[in-house]
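A short worksheet on the structure shown next.
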Amino acid sequence: MNEKNTEYHANSIEKYWQNIWQQKNIFKISEDKKQKKYYVLEMFPYPSGRIHMGHVRVYTLGDVLARYKRACGFNVLHPMGWDAFGMPAENAAFENNIHPRTWTNKNIINMKEQLKMMGISYDWEREISTCDPEYIKQQQKLFIKFFKANLLYKKEAWANWDPVENTVLANEQVIDGKGWRSGVKVERKLLNQWFLNITKFSDELLSDLDLLENWPENVKIMQKNWIGKSVGAEIQFEIIDKSKLGLVKKNLNVYTTRPDTIYGASFLAIAPDHELSKILSKSDSNIKNFVLKWEKTFSNEEMIEKGPKEGIFTNLFVKNPITEKELPIYIANYVLSTYGSGAIFGVPAHDERDYLFAEKYKLPIIQVVRPYDNSIKSLPYTGPGKVINSDFLNNIDTEEAKKEIIKKLEEINCGTKQTKFRLRDWCASRQRYWGCPIPIIYREDGEVLPVEENELPVLLPDDVDFRKKTGNPLENHPDWKHTSCKKTGLSAVRETDTLDTFFDSSWYYLRFIDPFNKNPINKDIVDDWSPVHQYVGGIEHAVLHLLYSRFFVKALHSMGEINFKEPFTGLFCQGMVCHKTYQDSDNNWVYPEEVIKKEAGQFLHKSNGKKVKELRSEKMSKSKKNIVDPVNIIEKYGADTARFFMLSDSPPERKLEWTNSGIDGSHKYLLRVWKFFKSVSFDKVARHESYNYKDKKNIHLIYKTNYYIDKVTKSLDNFQYNVSVALIREYSNIFFSLDIDTSNEEQLIALKFSLTKWVILIAPMAPHLAEELWKQLGYQESLVSIQPWPKADLNFLINTDVNIVIQVNGKKKLVLKIPKDLTAEETKALLMEKEEVKEIVRNNKIKKVITVPNKIFSIVI
RNA sequence: GCCCACUUGGCGGAAUAGGUAGACGCAAGGGACUUAAAAUCCCUUGUCCGUAAGGACGUCCCGGUUCGAGUCCGGGAGUGGGCACCA
C-alpha cells in the first residue's frame with residue numbers, strides 16, 4: 001500500500017490483506033495438541049450462484065466469533081463448503097439446457113469468489129462439496145453402514161405425486177395442493193422408498209435436548225413438539241362376530257392418552273388405510289368406495305383442516321373390555337394410520353372430533369368428566385376434572401383415574417401403559433437426478449444388496465437429457481441402472497432414487513474435521529474436535545436439518561463410529577435481513593435501487609417517474625424484489641463497512657433492517673477512524689505496556705482503555721455484537737475528542753497504547769481496516785489478525801470515587817460522588833452530614849433508610 | 001385451537017444481580033466552513049408545564065410485591081414465529 005495515500009480505498013486494501021492472510025496461512029488450525037480447540041461453523045450454503053445479505057450476516061457473525069476465539073488463544077477450526085445437490089440445479093438444467101454439474105460448479109466458483117471478498121477467516125483448504133465424487137463415495141460408505149446396522153429400511157409410503165411431471169415432489173414443492181411447476185393437483189401415490197430409522201432414537205432425541213444448554217430455548221421447544229412424546233395406554237378391544245368375516249385377528253389395538261374416559265366411549269374408529277379397512281374393502285363395495293374417495297381427497301390440506309368428519313359403519317362391533325358394552329366400529333376419515341395404532345375409541349363428550357362425528361352419526365354422548373369448577377360448560381369438555389358415570393373411577397381426578405384404569409387393564413390383560421411419538425421415520429428417497437445415488441442393487445433373485453465397497457462411488461451418469469421433463473432421469477436412462485452382482489454374476493438393477501439432500505448435510509460438519517481421510521469419519525480426530533462448539537445458522541432449520549444431524553450423531557455413536565452424542569454444543573440462530581418493499585400502481589414489485597425518494601412518504605420510479613408505494617419491511621426475497629446485492633455494497637463501500645453494519649444495528653438474533661442511512665453511517669464511521677489514524681504518526685513512538693504516567697488525562701485514557709477492553713470482551717462473550725459496536729464507538733469517541741500535541745511524548749505513548757488495544761478490539765469486525773491501522777501504528781512486521789486479545793488490567797479499574805444515588809421514597813433526588821467501598825454504616829454517616837441531603841430531608845421524619853454500598857442511599861419519609 | 005417469543009423516544013436499540021431509563025447510532029433541527037452545494041466539524045433533541053431556575057409524567061394496558069420495577073408475580077391487548085384431525 002502506498003503510505004502517502006490518505007484516501008480510503010477499501011477494495012484495494014481488502015484485496016491486499018486477503019492475499020497476505022492467504023500467503024501466511026494464518027487461518028489454518030495448528031498441530032499443537034495442547035492448545036484448546038474451538039470449532040466454529042456456519043451452515044454451509046446452497047450454491048445458488050450469488051451470495052445474499054442473509055449470507056453476509058451469518059458469515060460475519062461466525063467470523064467475528066472465529067477471529068475473537070483465535071485471538072483468545074484457541075486453536076480455531078473454521079471451514080466452509082457447499083450443499084451442492086438439490087432441485088435448483090435440475091430446474092436450471094430443464095430451463096437452460098445446462099448440465100446440473102456444470103451449473104453447480106460454475107455457481108460454486110462465483111460464490112466462493114464473493115465469499116472471499118468478505119474476508120472471512122476460513123481455512124479454504126478444507127473446502128468440501130457434497131456433489132464431489134469423493135464426498136459421494138464416503139457418504140455411500142456411511143449409507144451402507146446404516147444399512148448394515150438396520151437403521152435403514154425400505155417400505156411403501158404415500159408420496160406427493162405430480163401426474164404431469166411423473167415425479168415425486170417434496171412437501172415444500174406442493175403449494176396449495178398443486179405442483180409448483182406444473183400447477184396440477186398433486187396426487188398421493190404409494191411408493192417404495194428408503195427410510196432412516198430416526199424413531200429408534202425418539203426418546204434420546206427428546207431427553208438429550210436437556211444437555212443442550214447453549215441452544216436457543218425456542219429451537220429446543222420446536223424439536224420437543226416435533227418429536228411429540230405422549231404417554232397413554234394401548235387397549236385391546238375384542239372384535240365380536242369375527243368369524244362372520246373370517247378375520248384372523250380377534251383384537252383391535254387402540255392407543256389413547258385418555259384411558260380415564262373409557263366409560264364415555266360410544267364407538268371405535270379406524271383409519272381408512274388401517275389393515276382392517278383394507279380387508280373389509282375387499283368384500284364390501286360401500287367401504288371400498290369410501291376408502292377410494294378418501295384416498296383422492298385426503299392429500300388436500302384444506303379438506304384435512306375444514307373438511308367434515310366422515311365415516312362408514314363396518315357392521316362390526318367390539319366389546320369394551322372395561323364396561324363390556326358393545327361398540328360399533330367405524331372407518332373414519334380423521335383417524336391417522338401413522339399415529340398410534342391407527343385406531344381410536346371415540347369419546348364424544350371429551351373430544352372435539354369425536355363430538356362432531358357422534359353428532360353426525362347419532363352416536364351416544366356420555367359425559368364422564370366434570371370440570372373442577374362444576375360449571376356446566378358446553379360439551380365437549382377436554383380439560384381435567386373429576387371422573388363421573390364411571391363405576392369404580394367415580395369421583396377420582398382424571399390424572400389419578402388414568403393410572404387406576406391402566407392398572408385395571410393390566411390386571412385383566414387387556415391393555416398396557418404406552419408411550420408414543422409423533423416423530424416418524426425419515427423418508428430419504430428422492431426420485432430425482434441431482435443427488436447422491438443410493439448404493440443399493442436389486443439382484444434378479446430378489447436379494448437387496450449394498451454395492452461392494454471397492455465399487456464405490458456409484459456416480460451419476462452424465463448423459464442425461466434434461467429437456468425431457470417426465471420421470472426419474474436415472475430410471476429412464478438407457479443402461480445406467482443395469483449392472484450385475486460381482487460375487488454371483490447374477491444380473492441386477494441399481495436403485496434409481498437418490499438421497500434427500502438433508503442426508504448430505506447431516507454429517508458434513510464431521511467431514512470438515514478431516515476432509516481427505518479415506519474413511520468417512522476419522523474417529524480419533526473427530527472425537528478430538530467434536531462436537532462443534534458453536535454452530536451458527538438460520539432458524540428455518542430448527543427441526544429438519546438440526547434434528548437429522550442429531551439423529552446421525554446418535555446413530556453413529558450407537559455404531560461405535562464416534563464417541564459423543566450431540567453434534568453441536570452451542571447453537572446460535574441469527575435473525576433475518578429485512579428491507580422495505582415497493583410496488584408501483586399496477587402492484588408490480590420494484591427494486592429498491594429503482595426507487596427515488598421525493599418528499600416525506602413520496603416515492604417515484606427512477607426510470608418512468610411513476611408513483612411507487614412504500615410497503616412494510618419484509619425478509620429480503622427475490623420474489624418481492626426487496627433485495628440489495630452484497631457484491632454491489634462491497635464494491636461501493638468495502639467488505640468492512642458491510643460487516644460492520646451487519647453487526648451494529650440490531651442484536652444478532654433479531655431481524656436486521658437494511659437501510660441506506662445505516663450502511664452510510666457505518667461507512668462514515670470507518671472513514672473517520674481511518675482519517676484519525678492517518679493524522680498522527682506513531683512510527684517513532686515506543687510501545688509501552690506499562691508506563692509511569694504523570695498527566696491525569698493520560699491516566700484517564702489508560703483507565704478508559706482498560707474499561708472498554710473489559711466491556712467489549714464481555715459483550716462479545718455474550719453474543720451482543722451490537723453492543724460491542726456501540727462500545728467500540730464510545731471508546732473511539734474519546735480519542736476523537738483529544739487535543740493531540742505531537743510534541744508531548746507521554747501523551748503519544750498513552751495514545752499508542754490505547755489505539756493498539758482498540759485496533760485489536762475492532763479487528764474481528766473490520767479485519768482489513770484493522771490491519772491497515774495496525775501498520776499505521778508502526779507495527780510493520782506483524783499482523784493484527786494474530787495478536788493476542790488484550791486483557792483488562794483490573795488495577796486500573798479500581799476507582800477511588802463512586803457515584804451514589806440519593807432517593808427519597810424510591811425517587812432519584814440527587815447524585816453525589818463519595819469514596820468507593822464504604823460500608824453501609826460509613827455511607828450513611830457520611831451522607832447524613834451532607835448539606836444537600838439535609839436540604840432534601842428538611843423537617844420530615846425519616847422512617848427508614850436503605851443503603852446499598854456504592855450504589856443507592858434511599859430515604860423513606 | 002395449542003405452544004413459544006417479543007412489545008423501551010420519530011426510528012434501530014442500551015440498561016451486570018430489582019438500584020441514575022433512553023448508552024451508541026439513525027433521522028430531524030440549528031450553527032461553523034463554503035460564492036454555493038456536497039462532504040466534514042460543533043450544538044440541540046423522551047413528553048408536558050414554565051421566560052427561566054425548576055417541576056410533573058414516562059419502558060403496550062390494568063393490578064400486585066418492594067424503600068425502589070423496563071427488569072419479579074397475576075390478568076389483559078397487540079405483533080411475530082412454530083405446530084395443527086397426533087386420539
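Straight-line distance between the C1' atoms of B:G13 and B:C6: roughly 14 Å, to the nearest whole Å. Distance check on atom C1': B:G10 versus B:G29 gives 13 Å, rounded to whole Å. For the C1' atom pair drawn from B:G63 and B:A69, the interatomic distance equals 14 Å after rounding to whole Å. Nucleotides B:A39 and B:A32, compared at atom C1', are 14 Å apart to the nearest Å. Comparing B:U16 with B:A21, their C1' atoms sit 16 Å apart, to the nearest whole Å. Between B:U66 and B:A77, the two P atoms lie 28 Å apart (nearest whole Å). B:A28 sits 13 Å from B:G9 when the C1' atoms are compared, rounded to a whole Å. Between B:G64 and B:U51, the distance separating the two P atoms is 37 Å to the nearest Å.
Contacts of A:Q720 with the nucleic acid, taken as non-hydrogen atoms under 4.0 Å apart, involve only primed sugar atoms and P, OP1 or OP2. Among the heavy atoms of the strands, none lies under 4.0 Å from A:D354. The residue A:K420 sits apart from the nucleic acid: no heavy atom pair falls under 4.0 Å. Using a 4.0 Å heavy-atom criterion, one finds that A:I850 contacts the bases of the nucleic acid, with or without backbone contacts as well. Using a 4.0 Å heavy-atom distance criterion, A:V335 is classed as a base contact. Residue contacts for A:R258: at a heavy-atom cut-off of 4.0 Å it reaches the sugar-phosphate backbone alone, with no base atom in range.
A donor and an acceptor atom, one from each side chain of A:S230 and A:Y339, are located under 3.5 Å apart. With no hydrogens or angles considered, no side-chain donor-acceptor pair links A:D260 and A:T398 at under 3.5 Å.
Look at B:G70: it lacks any Watson-Crick or wobble partner with both distances under 3.5 angstrom. Partner assigned to B:A5 is B:U79, using Watson-Crick or G-U wobble distances below 3.5 angstrom. Under the Watson-Crick or G-U wobble criterion, with both distances below 3.5 Å, B:A52 has no partner in any strand shown.
Side-chain N/O atoms of A:R729 include none lying less than 4.0 angstrom from OP1 or OP2 on B:A23. Taking 4.0 angstrom as the limit, A:R672 places a side-chain polar atom (N or O) nearer than this to OP1 or OP2 of B:C41. The side chain of A:Y255 contributes no N or O atom lying less than 4.0 Å from OP1 or OP2 of B:A87.
With hydrogens and angles ignored, a donor-acceptor pair closer than 3.5 Å exists between the side chain of A:K309 and the base of B:C85.
In this structure, A:K293 pairs ionically with A:E310, as a charged nitrogen and a carboxylate oxygen lie closer than 4.0 Å. A:E234 and A:K420 are joined by a salt bridge, as a carboxylate oxygen and a charged side-chain nitrogen come within less than 4.0 angstrom of each other. Salt bridge status for A:K828 with A:E825: absent, with no side-chain N to carboxylate O gap under 4.0 Å.
Here A:H667 contributes atom NE2 and A:N660 contributes atom CG; the two are 13.0 Å apart, rounded to the nearest 0.5 Å. The SG atom of A:C578 sits 8.0 Å away from the CG atom of A:N626 when rounded to the nearest 0.5 Å.
Distance A:K855 NZ to B:U16 C1': 8 Å, rounded to the nearest Å. Per the geometry, OH belonging to A:Y669 stands 19 Å off C1' belonging to B:A39, to the nearest Å. In this structure, the CD1 atom of A:I270 is 15 Å from the C1' atom of B:A87, given to the nearest Å. For the pair A:Y721 OH and B:A14 P, the interatomic distance rounds to 15 Å; values are reported in whole Å. For A:N218 and B:C2, the CG to P distance is 20 Å, given to the nearest whole Å. Residue A:N854 contributes atom CG, which lies 14 Å from atom C1' of B:U16 at whole-angstrom precision. For A:M765 and B:C24, the CE to P distance is 17 Å, given to the nearest whole Å. Look at CG on A:L671: it is 12 Å from P on B:A39, rounded to the nearest Å.
In terms of position on RNA chain B, the residue among A:N803 and A:N722 whose nearest nucleotide sits closer to the 5' end is A:N722. If A:K714 and A:N225 are placed on RNA chain B by their nearest nucleotide, the residue sitting closer to the 5' end is A:N225.
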Begin from the C-alpha positions of A:K229 and A:D203 and carry the test salt bridge (charged side-chain N to carboxylate O under 4.0 Å, His left out) through to its verdict. CA-CA 8 Å; A:K229 182 177 183 171; A:D203 242 331; 3.2 Å; yes
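Here the side chains of A:Y669 and A:D664 are not in contact, with every heavy-atom distance at 4.5 Å or above.
At least one test fails for A:K711 against the ring of A:Y708: distance under 6.0 Å to the centre or angle within 45° of the axis.
The glycosidic torsion of B:G9 lies within 90° of 0, which places this base in the syn conformation.
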Scoring nucleotides 68-79 of chain B by protein non-hydrogen atoms under 4.0 Å (B base, S sugar-phosphate only, - none) yields S-----------
